[in-house]
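The structure under discussion appears below in the form of structure tokens.
As the structure is a prediction and not an experimental result, all values here were calculated from the model. Read the numbers this way: they start at 1 and go in the same order the structure lists the ligands and their atoms.
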Amino acid sequence: MTLRGTIALHPAHRVGPVRRRTFGSFVEHMARCVYTGIVEPDHPSADADGLRTDVLALVRELGVTSVRYPGGNFVSGHRWEDGVGPVEDRPRRHDLAWHSTEPNTFGLDEFMTWASKAGVEPMYAVNLGTRGMQEALDVLEYANAPVGTELSDRRAAHGHPEPYGIRMWCLGNEMDGPWQIGHRPAEVYGRIAAETARAMRLEDEDLELVVCGSSFPSMPTFGAWEQAVLEAGYDDVDMISAHIYYREEDGDQASYLAVAEDLDAYVEAVAATADHVRTLRRSEKRLMISVDEWNVSGNGHGDPGAPPHGDDWPIAPRFAESTYTAQDAVVVGSLLISLLRHTDRVASASQAQLVNVLAPIRTTPGGPAWRQTIFHPFALTSRHARGQVLRCAIESPTYENRRFGTSSALDAVSTWDPERGELTVFAVNRSAAEELVLEVPLAAFEVAGARRADGEEAGFVLLEAVVLHEADPYAVNTAEDPDRVLPRPLEGVSVTVDALCGSTLTAALPPISWAMLRLRRST
Ligand code: AHR
């Protein structure tokens, strides 16, 4: 059976601008994300700074716009000063979050060098676990103050006279999680975060500050934590964080394919809580959301490696190296659809993480770097989501699943760039067995009465149609076969013109697929 779905669009029905920060990522000192991920001085591709240029090239191709650093759970035990200054003087320490040894040969200055080469905006997290306001102020002074103070002069002495001008700062990480070093009750954390935010703004008033929301929506603290933390410091911060990871649980593929519904509900719940506090405080400000950890976490394809324990405290151990499937890539595409759909509330997002750890890019120490399946929808969405996000009224058949009851088989978002006359539709077919024929009427975009020189009605030309779909949804990319799963041209896409109804885009999406359709208005 073939399913049929439609998307109704209008250029005036906008959610908001596509935000470049939606396409952020995350580099944590965890497992092999930093060491043998982005830096490996002995690697054949390493540059003079020891950075893997093969990875840098893939990061640029991925279209990553901002990168959160240095954690994650790692940050809650991290002393930022350990990672600056002459490398030979830097201490080795136990990283208690990941039971590893941190050599500190890569720190803030190296990260900023890497960020500049990668062309990404930095987002820096301060330690509010074992440390507090003073250390947050210190690292801010080191990073952003013009020379002339003790810590900015230290930065200059380390070879970086110009302030880094880091704008986005996270006030700790997942502070309601019992696993977090120094986790605290909401009222206590809320107060520390608000005081730290106020003090940081005295140093640099243009900062954009992110307070920790609950670690995950499944936390018993979810909702109450956000309310308490925001009641303590609503006017002191700009964003509240949200973290979420999804995977196929117990073979429940049907629910997994629909998890963007959960992300929709999660973002809307955080926004509702923030708006409630706004009402209580009679505040003018509308708080935004930083989804600064999101991804699929994979479910056991390949050997992800196990975290170290006991007397073993290795440097950069191999664990959390999920090998992603074609189906995971379809879900990542759908999560990006959800993030774009909420561009009016999600001001920043970071896929977690960038290299090796739950990552779109994998490396072998001394060997190649390659694109995992989830690389592709991210790269294409980052490259082609431009202009304004449009509201999509979707009509679609539904299917039953355990987690959500009834879900739409079709999900989609569209972006419209009026200057270039370009319309892009990102769509998923969640049906596991059925092809879905998608129709998008385009008359609302066509200039009434406009005619081309040949007398034809003004319409759209198809620029590109690609699909990510595999007959085996569990197909993966590996070092030996890095391009097994790729986006491919979607055949049979048409833009038909009807004198009365205008143009219509029609495309047949195979089962379990993510597709991108790009059009340009031909006038
Ligand atoms: O991204 C891996 C870990 O997941 C992060 O360190 C932590 O913040 C989250 O729980």
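Of the N and O atoms on the side chains of T478 and D481, not one donor lies less than 3.5 Å from an acceptor on the other residue. Using modelled atom types, one finds a donor on one side chain and an acceptor on the other under 3.5 Å when comparing N173 with N73.
Taking every non-hydrogen atom of F216 and a distance limit under 4.0 Å, the qualifying atoms of ligand 1 come out as 10 (O). Applying the 4.0 Å criterion to heavy atoms of M30 picks out, from ligand 1, the atoms 2 (C).
With respect to the salt-bridge test (charged N to carboxylate O, under 4.0 angstrom), the residues R32 and E321 qualify. The residues R371 and E61 are annotated as salt-bridged, a charged nitrogen and a carboxylate oxygen being separated by less than 4.0 angstrom. Checked for salt-bridge contact, R68 and E293 meet the test: a charged N lies under 4.0 Å from a carboxylate O. Ion pair R403/D252 not flagged as a salt bridge, since none of the NZ, NE, NH1 or NH2 atoms sits closer than 4.0 Å to an Asp/Glu carboxylate oxygen.
Residue, atom and distance of the protein heavy atom nearest to atom 6 (O) of ligand 1 are E28 OE1, 2.6 Å. Of the protein's non-hydrogen atoms, E293 OE2, 2.6 Å is the one closest to atom 8 (O) of ligand 1. Y245 OH, 2.8 Å is the protein heavy atom nearest to atom 1 (O) of ligand 1. At the shortest separation from atom 2 (C) of ligand 1 among protein heavy atoms lies Q353 NE2, 3.4 Å. Counting protein heavy atoms only, atom 10 (O) of ligand 1 is closest to E174 OE1, 2.8 Å.
When non-hydrogen atoms are compared, ligand 1 lies under 4.0 Å from neither the backbone nor the side chain of F74. Within the 4.0 Å heavy-atom criterion, neither part of V357 lies near ligand 1. Contact annotation for W294 and ligand 1: no heavy atom of the residue comes within less than 4.0 Å of the ligand.
Only one option out of F111, W98, Y69 pairs with H29 in a ring-ring contact (aromatic ring centres under 6.0 Å, His included); it is Y69.
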